[in-house]
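Everything numeric here is computed off the predicted structure, so don't read it as measured data.
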Amino acid sequence: MRQRPLGRLTLAFVKASPEAQLRLLELADLDTELGRLDHRRRTLPENAELAQLSERAAKVRDAITIADTNLADLDRELDRAEKDVDQVRVRIERDNQRLDAGQVSNARELESLQNEVASLRRRQGDLEEVVLELMERRESAQALRDGAGAEAETVGADETALAARRDAALAEIEEQAAKATAARAAIVSDVPADLLTLYDKIRSSVGGVGAAPLRRGQCGGCREMLSTAELNEIRRAAPDEVVRHEECRRILVRTPDSGL
Ligand SMILES: [Zn+2]
């Protein structure tokens, strides 16, 4: 009995011993395992957490840059304000020296000098207020900078720990994948080339596995129940006939509990 062409797949006419067909089920199990490991590798929760942490780290770096700029601005303002205070203080001292030295005898000049000193003292007071206010602002800015610095350290430590956990998980996956790959290679050497080619062709076309067991009238690949007509057709097929499930195109491997 020649196999009918199935769907869009062009198939080579393949016959294989029941033993070789059963080996395909082992191959399918390993391919399922390798697929599962690949999925795990791509969806490691650590990677999602690391992405979140890296976003947080970027935000913290921005906060540090802003805080540093703010501090530098305040330092410049503070420096300027302190110099202003010094200038006024120097002028007051100079005026006081002139007054103390009795250099000014003219009454009008004396009064004007005294007025100047009084006005300079008010100015000094105002400028000192400005310095104090700037110092308070600088303190708050420094606190923000310290907080951002501490958070950066925490995020950095979390990233390191998480990356180590991710690497450990990946190493474990790689180890399992290497075992499965080695086991697969051993089975592949036992499977006739034409059957293997067919299996791989189906696998790349439908995804997942290329062969599935027929159990109690059900296809183990797509979980569809086979019709009575299909089951009858399989009953009539010779044991070395490679049977395909029309629904999912996979090779259907007959097992002792196929329900035939
Ligand atoms: Zn199926």
Worksheet item: What's the spacing between N232 CG and L260 CG if we round to 0.5 Å?
Response: 9.5 Å
Worksheet item: What's the shortest heavy-atom distance between A141 and N70, and which atoms?
Response: CB-ND2, 4.1 Å
Discussion item. If you compare all heavy atoms of A237 against all heavy atoms of V243, which two are closest, and at what distance to 0.1 Å?
Written reply: CB-CG2, 4.2 Å
Discussion item. For the CZ atom of R89 and the CD atom of Q87, what is their distance to the nearest 0.5 Å?
Written reply: 11.5 Å
Worksheet item: Is K59 salt-bridged to D62, cutoff N-O under 4.0 Å?
Response: no
Worksheet item: Of all heavy-atom pairs between A152 and I64, which one has the smallest distance, and what is that distance?
Response: CB-CD1, 3.9 Å
Discussion item. Could you walk me through whether L226 and L252 satisfy the side-chain contact (heavy atoms from CB on, under 4.5 Å) test, starting with their C-alpha distance in whole Å, then the side-chain angles of each, then the deciding distance to 0.1 Å, before giving a yes or no?
Written reply: CA-CA 11 Å; L226 272 71; L252 265 180; 3.6 Å; yes
Practice prompt. Check whether any side-chain heavy atom of E241 sits under 4.5 Å from a side-chain heavy atom of R254, and report yes or no.
Written response: yes
Discussion item. For E33, give me all partners under side chain to side chain donor-acceptor pair (under 3.5 Å), at least two apart in sequence or on another chain.
Written reply: R36
Worksheet, complete the sentence: Result for side chain to side chain contact (heavy atoms under 4.5 Å, CB included) between V209 and one of T32, L27, I251, I202 points to T32
Worksheet item: Is R91 salt-bridged to D95, going by a charged N under 4.0 Å from an acidic O?
Response: no
Worksheet item: Between E172 and R40, is any pair of side-chain heavy atoms under 4.5 Å apart?
Response: yes
Discussion item. Run the salt bridge (Lys or Arg N to Asp or Glu O under 4.0 Å) test against R80 and tell me which residues pass, sequence neighbours left out.
Written reply: none
Fill in: D73 and R76 ion-paired at < 4.0 Å
yes
Practice prompt. Output the distance between atom CG (L24) and atom CG (L195), rounded to the nearest 0.5 Å.
Written response: 4.0 Å
Discussion item. For the CG atom of D68 and the CZ atom of R145, what is their distance to the nearest 0.5 Å?
Written reply: 4.5 Å
Worksheet item: What heavy-atom pair brings V206 and C248 nearest, and what distance separates the two atoms?
Response: CG1-O, 3.4 Å
Worksheet item: So does R235 have more than 12 non-hydrogen atoms from other groups sitting under 6.0 Å from CZ?
Response: yes
Worksheet item: With side chains defined as the heavy atoms from C-beta onward, is the minimum distance between L25 and T255 less than 4.5 Å?
Response: yes
Fill in: Charged N-O contact under 4.0 Å between D126 and R123
no
Worksheet item: Is Q103 atom CD crowded by more than 12 heavy atoms from other residues, nucleotides or ligands, each under 6.0 Å away?
Response: yes
Response to the item:
For L214 and C219, the nearest pair of non-hydrogen atoms, with its separation, is CD1-N, 4.5 Å
Worksheet item: In Å and rounded to the nearest 0.5 Å, what is the CZ to CG distance from R41 to L34?
Response: 8.5 Å
Discussion item. Between the side chains of D200 and R184, is the shortest nitrogen-to-carboxylate-oxygen separation below 4.0 Å, so that they form an ion pair?
Written reply: yes
Worksheet, complete the sentence: side chain to side chain donor-acceptor pair (under 3.5 Å) pairs touching residues 45-54, sequence neighbours excluded, are N47-R166
Response to the item:
Residue set satisfying salt bridge (Lys or Arg N to Asp or Glu O under 4.0 Å) with D29, at least two apart, ordered chain then number -> none
Worksheet entry | Donor + acceptor pair across side chains of Q124, E128 (<3.5 Å) | yes
Fill in: Under the salt bridge (Lys or Arg N to Asp or Glu O under 4.0 Å) test, residues paired with R216 that sit two or more places apart
D257
Discussion item. Check this for me: does any side-chain nitrogen of one of K83 and D86 sit under 4.0 Å from a carboxylate oxygen of the other?
Written reply: no
Worksheet entry | Contacts of E55 that satisfy salt bridge (Lys or Arg N to Asp or Glu O under 4.0 Å) - sequence neighbours left out | none
Worksheet item: Can you find a pair of side-chain heavy atoms, one from C222 and one from H245, that are under 4.5 Å apart?
Response: yes
Worksheet item: Which residue pairs pass the side chain to side chain donor-acceptor pair (under 3.5 Å) test with at least one member in residues 187-197, sequence neighbours excluded?
Response: R23-D190
Worksheet entry | Separation between CD of E19 and CG of D240, rounded to the nearest 0.5 Å | 10.5 Å
Worksheet item: Who passes side chain to side chain donor-acceptor pair (under 3.5 Å) against R223, sequence neighbours left out?
Response: none
Worksheet entry | Note, E77 side chain near R138 side chain (heavy atom, < 4.5 Å) | no
Worksheet entry | Residue pairs fulfilling side chain to side chain donor-acceptor pair (under 3.5 Å) with at least one residue in residues 110-120, sequence neighbours excluded | none
Worksheet item: So, S205 side chain and K201 main chain: donor-acceptor pair closer than 3.5 Å or not?
Response: no
Worksheet item: Hydrophobic cluster mates of V104, side-chain heavy atoms under 4.5 angstrom, ILVMFWY only, any path?
Response: L74, L78, V85, V88, I92, L99, L110, L113, V117, L120, L127, V130, V131, L134, M135
Fill in: Closest heavy-atom pair and its distance - R250, A212
CD-CB, 4.4 Å
Fill in: Remaining members of the apolar cluster that contains L44, side-chain heavy atoms under 4.5 Å
L37, L170, I173
Practice prompt. Please identify each residue that fulfils side chain to side chain donor-acceptor pair (under 3.5 Å) with N96, with sequence neighbours left out.
Written response: none
